[in-house]
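A short worksheet on the structure shown next.
All ligand and atom numbering here is 1-based and tracks the order in the structure.
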Amino acid sequence: MTELRVGLLGLGTIGVGVARILIEQKELISRRLGKEVRLVAAADRDLATDRGLDFSDIRLSDDANDIVTADDVDLVVELIGGYEPARSFVMTALEHGKHVVTANKALIAKHGEELFPVAAEKGLQIGFEAAVGGGIPCMKALREGLAANAIESVYGILNGTCNFILTKMENEGADYADVLKEAQALGYAEADPTFDVEGIDTAQKLSILAAMAFGSKIKFEEVFTEGISKITAADIESAHEMGYRIKLLGIAKPHGAEGEVETVEMRVHPTLVPLASQMAQVSDSYNAVQISGDFVEHTMYFGRGAGERPTASAVVADIMDIASGFPDGIAHLAPPMGFVQSSRRDKPTMPMADTECEYFIRLMVKDKPGVIASVTSILADHRISLEALIQKERHASHNVPIVMLTHETTEGNLQAAISRITGLEAVEEDDVLILRKESAVA
Ligand code: HSE
């Protein structure tokens with residue numbers, strides 16, 4: 001039987017999960033493929049820890065170079081994470097004619113555009129389904145199942161840590177800092193939790209999805225990114241009273257005349273979604289991605305976005321895809337980014353000031369006559385119309401929370417109005433929260 005020989009870089013949580021599937025599901029995999037996938041080698045700096053698996057048939061090394069250049073490896077699985085040395089190992093593996101599968105969203109978001117041309121030139125495949133949405137096959141759906149569509153929008157809850165924190169804050173009225181500690185203890189959070197809670201992890205994932213959706217280049221650094229660290233349990237309650245739930249969403253939309261993609265809108269921020277929407281039902285550490293196309297309309301993908309077993313499931317599915325065309329060729333597979341490399345275009349990112357949204361604004365103001373009139377008259381000057389306004393009871397600090405929902409306006413216009421509002425003597429400048437609302441999520 002034809003055999004695809006796999007070399008694994010990194011025996012951490014996901015690496016062990018991948019090794020476990022390749023060992024425990026061996027028979028299932030060969031029945032599905034009519035081929036064998038064999039783990040021949042693995043590298044990790046720590047070879048002393050017992051991973052609870054039988055590695056007696058596998059060549060173990062503490063040097064990844066042994067694997068990326070080895071003659072008996074057809075496909076390298078990179079599960080080291082981060083930018084370097086992961087980038088160098090992947091590049092060397094491609095240069096040595098090996099297919100690559102990775103779960104590393106940071107690597108693809110930052111260096112994907114260096115790696116894809118090398119892979120395309122050598123007729124090699126790069127699989128990275130596990131990099132976005134963990135075990136959810138959302139990129140396979142986008143690249144293959146939805147290939148007949150011009151994609152109109154992508155909305156995603158792409159970070160389990162943030163979703164866990166927001167869910168817990170809402171259900172228990174708990175403080176952000178306490179819930180973050182719990183998420184870390186449960187092992188959801190990245191090594192540096194700011195990557196999760198400040199939206200960077202979501203921005204990396206969104207930049208990959210957007211480029212795949214619109215045939216553009218990955219521009220992670222240009223994604224407008226705000227995290228969840230300023231949200232309080234009271235904000236979550238106010239949003240709820242107005243009929244919304246707060247989710248950290250990654251949002252990507254194409255803009256241009258007559259179906260042409262001229263600019264790409266990409267933003268990550270806490271977002272108000274209608275309580276009745278599917279997106280609002282996605283709770284705890286689950287992820288979900290809504291992709292809408294011009295023929296298919298709305299589609300939605302839901303599941304575990306992190307963890308050993310779901311992430312390893314996506315890694316092994318990529319390995320099996322590549323194995324199914326091995327060794328005759330990979331022409332049956334869609335290109336890694338869903339468009340042939342030569343047809344992918346460098347499209348500008350839409351400036352955030354030009355994006356249009358409805359807004360949730362929370363201010364803390366002094367309890368004096370005329371304050372609301374001053375605030376609303378500034379909004380009126382900027383032709384920003386209000387949909388709802390709630391004034392809450394006075395805090396112990398003698399400040400009063402005011403929460404407003406606006407109709408649609410541009411970000412530039414909203415920010416100009418906010419800077420005038422925060423200049424008012426009665427408004428506490430450091431205590432302003434602006435959230436964006438998306439009514440279009442399914
Ligand atoms: N830290 C990520 C999350 C998982 O919380 O969803 C890996 O992408």
Side-chain angles (χ1 to χ4, degrees), residues 10 12-18 77-83 86 101-112 127-140 154-169 176-177 179-210 212 218 220 223 225-229 231 246-251 268-271 279 282-290 301-318:
T13 308
I14 313 302
V16 167
V18 169
V77 180
E78 183 279 307
L79 298 171
I80 301 167
Y83 299 130
V101 173
T102 177
N104 188 337
K105 67 241 147 177
L107 175 75
I108 298 297
K110 186 156 182 202
H111 297 300
F128 46 93
E129 184 65 62
V132 179
I136 313 172
C138 55
M139 285 188 287
K140 194 167 179 66
V154 177
Y155 294 95
I157 294 176
L158 299 169
N159 185 272
T161 304
C162 288
N163 209 40
F164 175 85
I165 292 173
L166 291 171
T167 304
K168 209 90 184 154
M169 284 174 73
Y176 165 80
V179 185
L180 171 62
K181 275 190 210 127
E182 199 177 333
Q184 285 174 302
L186 285 166
Y188 297 141
E190 295 292 300
D192 178 353
T194 55
F195 270 62
D196 291 304
V197 297
E198 297 306 342
I200 300 157
D201 176 84
T202 302
Q204 287 170 335
K205 293 167 178 169
L206 181 76
S207 66
I208 299 169
L209 283 176
M212 190 178 286
I218 300 173
F220 153 60
V223 179
T225 307
E226 270 181 17
I228 62 166
S229 58
I231 295 171
I246 300 175
K247 294 289 180 191
L248 184 78
L249 286 197
I251 299 167
V268 170
H269 49 68
T271 310
M279 203 58 95
V282 178
S283 59
D284 300 315
S285 64
Y286 281 97
N287 282 197
V289 187
Q290 178 191 318
Y301 312 88
F302 165 86
R304 287 267 176 223
E308 176 193 315
R309 293 171 75 92
T311 310
S313 153
V315 169
V316 176
D318 275 347

Atom of Glu308, atom of Gly17 and distance for their closest heavy-atom approach: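 Heavy atoms only, the tightest pair is OE2-CA, 3.4 Å.
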Contact summary for Met139 and Glu129, nearest pair of heavy atoms: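 Residues Met139 and Glu129, closest heavy atoms: N-OE2, 3.0 Å.
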Between Glu198 and Thr225, a side-chain donor and acceptor under 3.5 Å: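 No donor-acceptor contact under 3.5 Å links the two side chains.
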Ligand-residue contact atoms, ligand 1 with Ala306, heavy atoms, under 4.0 Å: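 Answer for ligand 1: 4 (C).
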Gly160-ligand 1 polar pair, N/O distance under 3.5 Å: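 There is such a contact, yes.
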For [Y], is there any backbone N or O sitting under 3.5 Å from a side-chain donor or acceptor partner on [X]?
{"X": "Asn159", "Y": "Thr202", "value": "no"}
{"X": "Lys247", "Y": "Val282", "value": "yes"}
{"X": "Asn163", "Y": "Asp284", "value": "yes"}

What protein heavy atom lies closest to [atom]? Include the residue and the distance to one decimal.
{"atom": "atom 7 (C) of ligand 1", "value": "Lys105 NZ, 3.2 Å"}
{"atom": "atom 1 (N) of ligand 1", "value": "Glu190 OE2, 2.6 Å"}
{"atom": "atom 5 (O) of ligand 1", "value": "Thr161 OG1, 2.6 Å"}

Asp201, portion touching ligand 1 at heavy-atom distance under 4.0 Å: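 Contact part for Asp201 vs ligand 1: side chain (C-beta onward).
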Part of Asp196 within contact of ligand 1 (heavy atoms, under 4.0 Å):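 Side chain only.
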